[in-house]
Novice: 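First, the structure itself, so that you have it in front of you.
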Amino acid sequence: MSTVSELLAAAADRICRSDARIVLAHFMQTTREQLIMHPEAETSTQTQTAFFEAVDKISRGCPVAYITGVREFWCRPFAVTPAVLVPRPDTETLIEQALDVVDKNNVRTCIDLGTGSGIIAVTLALEAAELEVSATDVSRDALEVARSNAARLGAKVEFILSNWFDALGGRKFDLIVSNPPYIDPKDEHLKNLAFEPASALTDGIDGLEDLRCIIKTAPAHLSCGGTLMLEHGYDQGAVVRELLAAAGFSDVRTVCDLGGNERVSCGRLSC
Ligand code: GLN
């Protein structure tokens with residue numbers, strides 16, 4: 001067994017055809033289109049070994065992006081490693097809203113807390129040329145991934161090693177955004193995400209602890225009229241809106257993602 005079509009057929013009962021094609025193209029350093037056009041192409045022993053190892057990992061729940069080392073977000077390729085969460089399309093909802101706020105509220109400075117691979121910070125820096133973007137993460141390894149993404153994609157972002165606001169002193173920003181760990185540790189769904197860093201997915205308490213911490217501390221780091229914008233779980237909209245209102249935010253609202261789930265909530269700090 002050594003041709004492209006034979007390898008794909010051998011993986012068919014374990015992973016889906018499109019994932020198989022993505023990893024095979026990756027190991028053969030070619031494109032999926034080439035594989036479709038040349039199913040008869042021979043593969044090397046090295047490719048076969050790497051391919052079947054990948055099929056095994058994917059069938060156990062490993063994201064394809066950890067094998068290819070890349071995932072697209074907002075139409076740009078971001079490098080990912082197991083030190084960071086794989087970018088989700090849900091987070092594009094946060095980008096849309098943040099760009100809208102940047103436009104309408106004359107936002108000059110922004111910080112992304114818990115940046116991970118850097119998708120939010122880098123995308124905002126590239127889409128809003130005048131915006132000064134900073135980003136934090138508590139993980140050195142994650143910051144390395146984010147830094148390399150910013151450099152490769154040509155984004156100017158200031159990176160800071162920090163647990164939420166801890167290393168920021170008295171600095172204030174016009175916009176604070178974050179996609180913090182918000183999955184409840186009891187959520188069954190977590191079992192399917194075992195390859196991703198648990199600390200990026202759940203706070204280990206109730207899925208709301210990091211959201212609470214950010215909402216409570218954000219007012220001290222927002223300039224007058226500044227906005228706090230948070231991604232959260234599909235069932236956390238009401239409680240996040242309550243937390244924002246209790247912390248003194250006004251114009252509190254929630255936006256749904258493309259799947260129709262409440263996904264991003266924000267509030268404004270009036271002066
Ligand atoms: N949206 C991710 C998921 O449900 C979770 C991301 C997060 O916890 N910040 O898989």
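Only this structure's heavy atoms are used, side chains among them; waters, hydrogens and symmetry mates stay out. For ligands, and for the atoms within them, numbers begin at 1 and follow the listed sequence.
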Novice: Using the test salt bridge (Lys or Arg N to Asp or Glu O under 4.0 Å), find all partners of D100 that sit at least two apart in sequence or belong to another chain.
Specialist: K104
Novice: Which atom pairs, one a donor and one an acceptor, fall under 3.5 Å between side chains of residues 119-145 and the rest of the protein, sequence neighbours left out?
Specialist:
unit_1: T123; atom_1: OG1; unit_2: I119; atom_2: O; d: 2.5
unit_1: E127; atom_1: OE2; unit_2: W74; atom_2: NE1; d: 3.4
unit_1: E127; atom_1: OE2; unit_2: R76; atom_2: NH1; d: 3.1
unit_1: E127; atom_1: OE2; unit_2: R76; atom_2: NH2; d: 2.6
unit_1: S134; atom_1: OG; unit_2: E158; atom_2: OE1; d: 2.7
unit_1: T136; atom_1: OG1; unit_2: G114; atom_2: N; d: 3.3
unit_1: D137; atom_1: OD1; unit_2: S139; atom_2: N; d: 2.9
unit_1: D137; atom_1: OD2; unit_2: T115; atom_2: N; d: 3.2
unit_1: D137; atom_1: OD2; unit_2: G116; atom_2: N; d: 2.8
unit_1: S139; atom_1: OG; unit_2: D141; atom_2: N; d: 3.3
unit_1: S139; atom_1: OG; unit_2: A142; atom_2: N; d: 2.9
unit_1: E144; atom_1: OE2; unit_2: R147; atom_2: NH1; d: 3.2

Novice: Answer yes if Y234 and I183 sit in the same cluster of Ile, Leu, Val, Met, Phe, Trp and Tyr residues linked by side chain heavy atoms under 4.5 Å apart, and no otherwise.
Specialist: no
Novice: Verify the distance criterion only: is there a donor paired with an acceptor across the side chains of T93 and E96 at less than 3.5 Å?
Specialist: no
Novice: Starting from the N and O atoms of ligand 1, collect every protein N/O partner closer than 3.5 Å and put each pair on its own line with the distance to 0.1 Å.
Specialist:
unit_1: ligand 1; atom_1: 1 (N); unit_2: Y182; atom_2: OH; d: 2.8
unit_1: ligand 1; atom_1: 4 (O); unit_2: H189; atom_2: NE2; d: 3.4
unit_1: ligand 1; atom_1: 8 (O); unit_2: Y182; atom_2: N; d: 3.2
unit_1: ligand 1; atom_1: 8 (O); unit_2: L201; atom_2: O; d: 3.2
unit_1: ligand 1; atom_1: 9 (N); unit_2: N179; atom_2: OD1; d: 2.8
unit_1: ligand 1; atom_1: 9 (N); unit_2: P180; atom_2: O; d: 2.7
unit_1: ligand 1; atom_1: 10 (O); unit_2: R88; atom_2: NE; d: 3.2
unit_1: ligand 1; atom_1: 10 (O); unit_2: R88; atom_2: NH2; d: 3.0

Novice: Show your working on side-chain hydrogen bond (donor to acceptor under 3.5 Å, both in side chains) between Q48 and T43 and close with a plain yes or no.
Specialist: CA-CA 7 Å; Q48 293 162 27; T43 61; 3.1 Å; yes
Novice: Scan residues 223-242 for pairs that pass salt bridge (Lys or Arg N to Asp or Glu O under 4.0 Å), counting only residues two or more places apart or in two chains.
Specialist: R241-E262
